[in-house]
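One structure is given below, encoded as C-alpha cells.
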Amino acid sequence: MKKCALALVLFVMIFAIQSVGAKAEAQAEPYSGAGIAIIAEIKDLRDYEAVSSDGGVSALFLDINGAGDAVGSGGEKIASLSFLKTEINKNGKSAVLRLRDETSAEAVLNELNGDDDVTLFSENGQRLKAARAVLTAASGALDLRGETLSDVAEIRNLGNISMAKTVVLTRAQADADIVFQLKKLLIDVWLAADTEEDALYAVSVGCAGILTEEFAAAANALSRWNDLRRKPLIVSHRGNTGVEKSDGNYLPENSVQSAVQAVRECGADVIEIDVHLSKDGKVVVMHDEDISRTTDANGLIGEMNYTGGLDRIEIYDKGGYSSSALDPNAEKIPLLDDFFQALEYDDNAFYIEIKTSGDKGFALVDEVKRTIEKFKFEDRCNFISFFGDQIAYIRKVMPEYSAAMLSNRFYEIPIEAMRLCNPYNAVYSPSKSELSKNVCKQLSDRGVLVSSWTYNSGDLYEDFYSVDAITTDDLTLLNGQMLALEAKTKKISKKARHAIKFKADAVDNSGGREEVLCDAVKIGGDAELISKGDAYYVSGGAEITVSLVYRVGEAAHSEMNGVLMSAPVTLKIVSGCAGSAQGEGILLSLVAALCAFAIIRSKR
C-alpha cells in the first residue's frame, strides 16, 4: 500500500513538473502611461479612433500636409487641424504635429495661434525654430534619427538651437549613459520603437517617451509595470548644507566644500549655485547680493571689489558659525572659478542661477560665459533664473545652452506653464508648494521637463518620481532609498540548460548597496528567455539582452515604492551546450516516471 502511495506521489510530481512554465501572473492592468509617455504614430483613421480611447497612449503623432490636414501613411485625410486642436485635448492627450516640409509648416502656422497646446516636431531644425518663434507656447521635439552624432553636447546643442527640449533618437543612438548625460543637460529623449522589445529598452535606458506605430504592443509590454520609475536628477541646493555635522555646525551654503561633499559623498548629479558680479567684474558665488546674512561683514557685492575685499571675508554656515576656530584655512567667499577648479574631474552638472536682472544681469551672464569657456565646461552647465529677460539674453548669446524658468506660481493646466517657459525653450521649475503632479505628467507628455525645488523633509519622497529633477539641501534624506538597479555584471556567460537567477544591486544616492533577486525581461538578441519560478533559462541563439526588474515595495525600509529597471545586460550563450529549460522539464518527468514504474513492478 505504501508503495502504491509513493507511486501516486511520483505521478503527481510528473504532472507538476510538466506544468511548470512561465511565471504565473495576475491579469495585468491596462498601461496607464504613468511611467513613460507613449506617443502613437497615427497611420490611418482606425489608429486615430483606437488611440482616442486608449488610456495608455499619452500623445498622438500626426503628419500634417500642406492643406493643414492630418494624413495617414498613404496620404488619406484623417482630420483637419481645426478639428484636432479642440478634440485631442478633450481626451486627456496631447498632439505632436510633424512639420514635414515648408508648406506643412505654413499650414500649421495659419491654423494655430501662439497659445495652442501642441508639440511641434521636425527633422529640420531651422523649420522647427521658425515655427516655434510664432507658436511661442508650443513645445518642440527634434528628430535626430537620420543624423550622425558625435557626443551628448552636440545633441544638446542641436536641440536647444532648434527650440526643442526633446530629441528623438534610435536605439542605436541612445544607451543609458547617453540618455542620463542628456538629462543632466536638461534634454529629454523619446526613443523610436518598432517592437515591444524596443519599448522595454526605452524604459531600461531612462527615456521619457516612446515614439511608435506599434502603440498597442508598447502599452501591452509596459502594462505589467504601471508604477515604473524614472530616476530624476538629484540637485544639491547651494551644496549639501542641510546636514548637521558631528560638531553641531553645518557646511556653509554656496561653499566649495559643501559642493564637493554633495558630489563625492552624497551622489548629487547637479550642483546649484547663485552668482553675482562684483565691482571689479568677478563672478561671485553667493545667494544674497547683501553679504551680511552669511558673513560677519556688510555691503552689496556689486559695490565691492572682490580682490582685496570680498576674497578676505569668511562665509558662515546657516547657524551663523565660522569654521575658522577649527580650520585656520576657513573658506572665504568663493568665485565660480573655485567651484570649477575643485570639481574639474568630477561628472556633475551645474545649475547657475542668475540673481540679477537688467543690464547688470546681462554683464553677469557675459562673464559667466567667459568663465565656462575658460574651463571648457560647456557640456556641464545649465542656467536658471526668475528673470525672463535673463533667460532671453542667454538664448541670444548662448543658444545651445539649457535654461530653467523658476516660478512661484501654481498652474492648474499645462498650457499655463507652457506659456511661461516655452517662449524661451526653458525647463519649468516650480517651487514644491506650487507643484501639480497632474500638470507635471501632462508636461512630460508634451516634451517639457520639470525641475522642482526645495525639499528638506518627507515631501521629497512624495514628489520624487513626479519630476525630472528635484532639489534639496539635505541629500541624506535619500540615504538607504533604492534609486537605481545595477546588474552585478554587464555580461554573463551561462550554458543554455543551466538555470540563471538574476541578481542586482539596488543602489542609493551615496553608493549604499543591497543585493536583490530580480525578474528579467528580454529586450534583444536571438536567444529565448524562459522563466520558471525564481529562475530563468536561455535557449537557442548566440546571445540575449535583458533588463532586470525589481519592485522596490518589497523592501520594508524604503520610503518610495515602484518598479526599477536596470540598464541592458547582455548574456553570451556558450556554444556546444545542448538542451533547454523545456528539455530539462521533460528529462525530469521521464526520470520520475521510470521511478514510479520501478516501484509498481517491484510490488508485483
Side-chain angles (χ1 to χ4, degrees), residues 151-153 155-156 165 174-189 205-208 229-243 254 256 258-274 339-340 342-353 372 377-384 401-404 406 427-429 432 444 449-456 460-461 463-486 505-513 560 564 566-567:
D151 54 30
V152 294
I155 297 172
R156 185 273 313 264
K165 293 310 300 173
D175 61 23
D177 182 63
I178 288 172
V179 172
F180 191 66
Q181 294 302 323
L182 283 170
K183 192 166 188 174
K184 288 199 292 188
L185 295 175
L186 302 182
I187 295 289
D188 254 345
V189 174
V205 298
C207 294
R229 301 307 191 192
R230 291 177 64 235
K231 175 182 171 290
L233 295 174
I234 298 173
V235 183
S236 179
H237 187 235
R238 310 177 201 170
N240 198 32
T241 61
V243 183
N254 277 318
V256 172
S258 68
V260 169
Q261 186 203 61
V263 171
R264 297 179 186 170
E265 298 179 26
C266 301
D269 301 310
V270 181
I271 295 296
E272 186 267 352
I273 52 178
D274 311 281
F339 283 80
F340 286 178
L343 294 166
E344 182 176 3
Y345 299 107
D346 295 270
D347 64 354
N348 65 286
F350 288 90
Y351 278 4
I352 302 172
E353 183 173 353
I372 290 172
F377 267 33
E378 292 91 343
D379 59 350
R380 293 178 62 181
C381 292
N382 309 288
F383 289 88
I384 62 175
Y401 283 72
S402 291
L406 299 169
V427 172
Y428 173 53
S429 187
K432 65 176 183 179
S444 179
L449 287 81
V450 179
S451 177
S452 188
W453 47 277
T454 300
Y455 295 82
N456 294 313
L460 178 142
Y461 307 130
D463 291 349
F464 192 77
Y465 288 116
S466 299
V467 295
D468 297 287
I470 197 161
T471 300
T472 179
D473 292 319
D474 185 358
L475 293 166
T476 64
L477 289 169
L478 294 171
N479 288 355
Q481 302 302 316
M482 297 177 178
L483 305 181
L485 202 61
E486 295 182 1
D505 283 338
V507 185
D508 72 6
N509 64 301
S510 62
R513 294 173 178 271
M560 297 181 292
L564 301 178
S566 76

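Residues: numbered from 1 along the sequence shown. Computed from a prediction, not measured in an experiment: that's the story for all the values here. Reckoned from all heavy atoms, side chains included, excluding hydrogens, waters and symmetry mates.
Within the 6.0 Å centre-distance limit, the rings of F340 and F350 are counted as a close aromatic pair.
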Check: So L182 and D188, side-chain contact (heavy atoms from CB on, under 4.5 Å) or not? Walk me through it.
Finding: CA-CA 7 Å; L182 283 170; D188 254 345; over 6 Å; no

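Panel note: side chain D151, backbone A153; a donor-acceptor pair is recorded below 3.5 Å. Using modelled atom types, one side-chain atom of Y461 and one backbone atom of L477 make a donor-acceptor pair closer than 3.5 Å. With hydrogens and angles disregarded, no donor-acceptor distance shorter than 3.5 Å links the side chain of K184 to the backbone of V270. At distances below 3.5 Å, at least one donor-acceptor pair connects side-chain atoms of D468 with backbone N or O atoms of V450. Remark: side-chain polar atoms of N456 are paired, donor with acceptor, to backbone N or O of D473 under 3.5 angstrom. In terms of modelled atom types and a separation under 3.5 Å, the side chain of N382 and the main chain of A403 share no donor-acceptor contact. With hydrogens and angles disregarded, a donor-acceptor distance shorter than 3.5 Å links the side chain of D508 to the backbone of G480. Side-chain atoms of R230 come within 3.5 Å of backbone atoms of C207 as a donor-acceptor pair (strictly under, hydrogens ignored). Using a distance-only test at 3.5 Å, with no hydrogens or angles considered, a donor-acceptor pair links the side chain of S429 to the main chain of S451. R380 contributes a side-chain N or O that, together with a main-chain N or O of D346, makes up a donor-acceptor pair within less than 3.5 Å.
Closest heavy-atom contact between T241 and H237: OG1-O, 4.0 Å. Across all non-hydrogen atoms, the minimal contact from K165 to S402 is NZ-OG, 2.9 Å.
For the 3.5 Å distance criterion, the side chains of T471 and Y351 fail to qualify, holding no donor opposite an acceptor. Residues T472 and D474 bring no donor and acceptor atom of their side chains to less than 3.5 Å of each other.
Salt-bridge check for R238 with D274: passed, with a basic side-chain N closer than 4.0 Å to an acidic carboxylate O.
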